Engineer: 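Once you've had a glance at the structure underneath, I'll fire off some questions.
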Number of protein chains: 2
Amino acid sequence: MVPRGRPRDTQVDERVLRIAAALLLERGYTGLSIDEVAEQAGVAKTTLYRRWPAKDHLAVAVVARLQADDEITDTGDIRADLVNYLEKIAAGLNRMRAAGHREGPSAGTVGELVAAAARHEDIGRLTRKQYAERNTLALALIEAARVRGELRADLDAEPLFDQLAGALYYRVMITGAPVDRAYVERLVSSALERNLTCP
Amino acid sequence: MVPRGRPRDTQVDERVLRIAAALLLERGYTGLSIDEVAEQAGVAKTTLYRRWPAKDHLAVAVVARLQADDEITDTGDIRADLVNYLEKIAAGLNRMRAAGHREGPSAGTVGELVAAAARHEDIGRLTRKQYAERNTLALALIEAARVRGELRADLDAEPLFDQLAGALYYRVMITGAPVDRAYVERLVSSALERNLTCP
DNA sequence: CCATTTACGAAACTGGAGTTGCGCAATTCA
DNA sequence: TGAATTGCGCAACTCCAGTTTCGTAAATGG
């Protein structure tokens with residue numbers, strides 16, 4: 001069925017998301033101003049609010065788009081695959097800067113996004129679903145490694161991935177400690193090497 | 001040295017913190033309104049702002065007070081000690097409810113607190129210091145267990161505690177999965193039992 | 001062509017955090 | 001006692017995210 005009234009300007013979505021992403025990454029969550037996005041995109045605020053009912057929705061849409069290319073791959077080497085995937089998550093976390101702290105931690109923006117998901121039930125459902133999918137894929141990766149004998153037969157996969165992903169978020173948001181490649185490898189070693197089957 | 005002018009009403013701090021804690025736990029971060037706290041405490045807003053320069057500072061002070069009695073103890077049984085301590089952390093995380101979601105996750109408030117710490121450099125310094133202390137104590141606990149032979153000699157303690165604490169925060173904030181006693185025990189088992197020295 | 005439907009833009013409005021100015025109260029020091 | 005200092009309450013103010021209203025534009029269907 002063909003939609004009735006005046007069609008939406010399809011260029012607006014793309015342009016707004018691009019501008020919003022730039023603002024979010026450069027200046028953090030509070031630096032993402034609806035007025036400024038509207039002005040830079042050359043549209044009225046109402047046009048933005050028709051597409052995203054609140055600033056929170058726009059911000060989440062921006063982040064979802066940035067995360068879209070975080071792929072998980074199974075090469076048969078569980079250690080390398082985990083390091084690779086956790087690196088992508090870490091890179092995503094490190095990309096966001098807090099407003100006025102270009103060198104600083106991305107903690108603020110990540111925290112704001114968590115808060116946004118809690119403020120709006122629809123965002124919460126959406127993001128939880130996305131993270132559930134990610135979780136399912138990661139658990140399948142671990143499970144496959146367990147089945148083919150790379151990991152202990154009685155391994156409990158769920159808390160294992162919670163620990164890996166959680167350690168990254170914990171450092172970024174809570175302790176402010178760096179999350180670089182060296183740490184990711186150390187983390188995977190700590191969590192995994194002693195889970196490997198013994199020769 | 002004796003302070004000069006009119007002394008502060010010491011009852012105000014106590015009363016405000018109690019009221020603010022009730023509001024924060026019941027209605028979440030956004031439900032914590034400065035105007036409402038001032039009204040319920042029977043003081044003017046300026047009196048609050050003289051003590052806490054922003055709502056963020058007040059909220060952080062409330063949480064710090066709630067966490068003050070999270071003690072870490074070393075009984076010589078590393079597994080029990082970790083379960084015990086992580087239970088306290090989990091209880092603190094579970095106490096906070098998001099505004100309008102009494103049954104819901106505490107994710108929102110925790111996220112707001114993270115964001116608050118990022119917004120103000122002074123809060124960030126303070127909370128990072130507090131978490132660094134907590135981290136030091138936990139690492140000492142693990143280290144002691146390692147030295148006395150409960151844990152593997154070549155254990156890397158830092159990522160281990162990141163994993164344990166991180167898994168709790170990750171579930172509360174990101175996936176929304178429950179964090180109850182059963183999970184904490186499962187988590188410690190997953191992270192620790194295979195770190196124990198072999199007989 | 002004309003009624004209907006939906007999109008758009010401009011501007012005014014709302015609500016809450018945070019700020020400021022001012023008069024008064026309480027305390028110290030000379 | 002009196003000047004200086006600091007706390008308090010009241011009220012008006014700024015600022016900005018978000019909302020609402022209304023007039024206009026672009027499309028469809030009869």
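Letters A, B, ... mirror the listed sequences (proteins, then strands); counts begin at 1. None of these values were measured; they are calculated from a predicted model.
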Engineer: Which nucleotide span of DNA chain C, 5' end to 3' end, has atoms closer than 4.0 Å to non-hydrogen atoms of chain A?
Structural biologist: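 Range of nucleotides touched by chain A: C:dT4 to C:dA10.
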
Engineer: Inspect the contact between B:Arg27 and B:Glu36 and indicate whether a charged nitrogen and a carboxylate oxygen are less than 4.0 angstrom apart.
Structural biologist: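 Salt bridge present between B:Glu36 and B:Arg27.
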
Engineer: Could you tell me whether B:Arg79 and B:Glu193 have a side-chain N and a carboxylate O separated by less than 4.0 Å?
Structural biologist: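 Salt bridge present between B:Arg79 and B:Glu193.
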
Engineer: Within residues 37-51 of chain B, which residues have any heavy atom lying less than 4.0 Å from an atom of DNA chain C?
Structural biologist: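 Close to the strand are B:Lys45, B:Thr46, B:Tyr49.
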
Engineer: Rounding to an integer number of Å, can you tell me how far B:Arg119 CZ sits from D:dC16 P?
Structural biologist: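 That distance rounds to 15 Å.
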
Engineer: Under the side-chain contact (heavy atoms from CB on, under 4.5 Å) test, which residues partner B:Ala145, sequence neighbours left out?
Structural biologist: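 In terms of side-chain contact (heavy atoms from CB on, under 4.5 Å), with neighbours along the sequence ignored, B:Ala145 is linked to B:Ile78, B:Arg148, B:Glu150, B:Leu151.
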
Engineer: With the threshold set at 4.0 Å, does a side-chain nitrogen-carboxylate oxygen contact exist between A:Arg152 and A:Asp154?
Structural biologist: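 Yes, A:Arg152 and A:Asp154 are salt-bridged.
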
Engineer: How would you list, by chain and number, every residue that makes a side-chain contact (heavy atoms from CB on, under 4.5 Å) with B:Gln11, sequence neighbours excluded?
Structural biologist: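 With neighbours one apart ignored, the set is B:Asp9, B:Arg15.
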
Engineer: Measure the spacing between CG of A:Leu32 and CG of A:Leu24 and express it to the nearest 0.5 Å.
Structural biologist: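 The CG atom of A:Leu24 is 5.5 Å from CG of A:Leu32, to the nearest 0.5 Å.
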
Engineer: In whole angstrom, give the distance that lies between atom CH2 of A:Trp52 and atom P of D:dT19.
Structural biologist: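 Between P of D:dT19 and CH2 of A:Trp52: 15 Å.
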
Engineer: State which residues pass side-chain contact (heavy atoms from CB on, under 4.5 Å) with B:Ala44; sequence neighbours excluded, sorted by chain then number.
Structural biologist: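 B:Thr46, B:Thr47.
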
Engineer: May I have all residue pairs that pass salt bridge (charged side-chain N to carboxylate O under 4.0 Å, His left out) and include part of residues 161-179 of chain A, sequence neighbours excluded?
Structural biologist: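 Output for this query lists A:Asp162-B:Arg171, A:Arg171-B:Glu158, A:Arg171-B:Asp162.
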
Engineer: Walk along nucleotides 23-30 of chain D from 5' to 3' and tag each nucleotide B, S or - by protein heavy-atom contact under 4.0 Å, base first, then sugar-phosphate.
Structural biologist: --BBSB--

Engineer: Taking only residues two or more places apart in sequence or in another chain, which ones pass side-chain hydrogen bond (donor to acceptor under 3.5 Å, both in side chains) with A:Tyr131?
Structural biologist: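 Partners of A:Tyr131 under the side-chain hydrogen bond (donor to acceptor under 3.5 Å, both in side chains) test: none.
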
Engineer: Whole angstrom is fine here: how far is it from CD1 in A:Ile34 over to P in D:dG18?
Structural biologist: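 These atoms are roughly 6 Å apart.
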
Engineer: Roughly what angle, to 10°, lies between the helix axis at the start of the helix from C:dC1-D:dG30 to C:dA30-D:dT1 and the one at its end, five pairs per end?
Structural biologist: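 End axes: 0° apart.
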
Engineer: Reckon A:Leu32 touches a base, only the sugar-phosphate, or nothing at all at heavy-atom distances under 4.0 Å?
Structural biologist: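 Result for A:Leu32 = nothing.
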
Engineer: Any ion pair linking B:Glu26 and B:Arg95 (charged N to carboxylate O, less than 4.0 Å)?
Structural biologist: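 Salt bridge: no.
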
Engineer: Filter on salt bridge (charged side-chain N to carboxylate O under 4.0 Å, His left out), then keep only pairs touching residues 130-140 of chain A, sequence neighbours left out; what's left?
Structural biologist: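 For residues 130-140 of chain A: none.
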
Engineer: Restricting to side-chain contact (heavy atoms from CB on, under 4.5 Å), what partner residues turn up for B:Val114, sequence neighbours left out?
Structural biologist: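 With sequence neighbours excluded, B:Val114 shows a side-chain contact (heavy atoms from CB on, under 4.5 Å) to A:Ala107, A:Met173, A:Ile174, given in chain and number order.
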
Engineer: What pairs with B:Arg65 under side-chain hydrogen bond (donor to acceptor under 3.5 Å, both in side chains), at least two apart in sequence or on another chain?
Structural biologist: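 B:Arg65: side-chain hydrogen bond (donor to acceptor under 3.5 Å, both in side chains) contacts with B:Glu14.
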
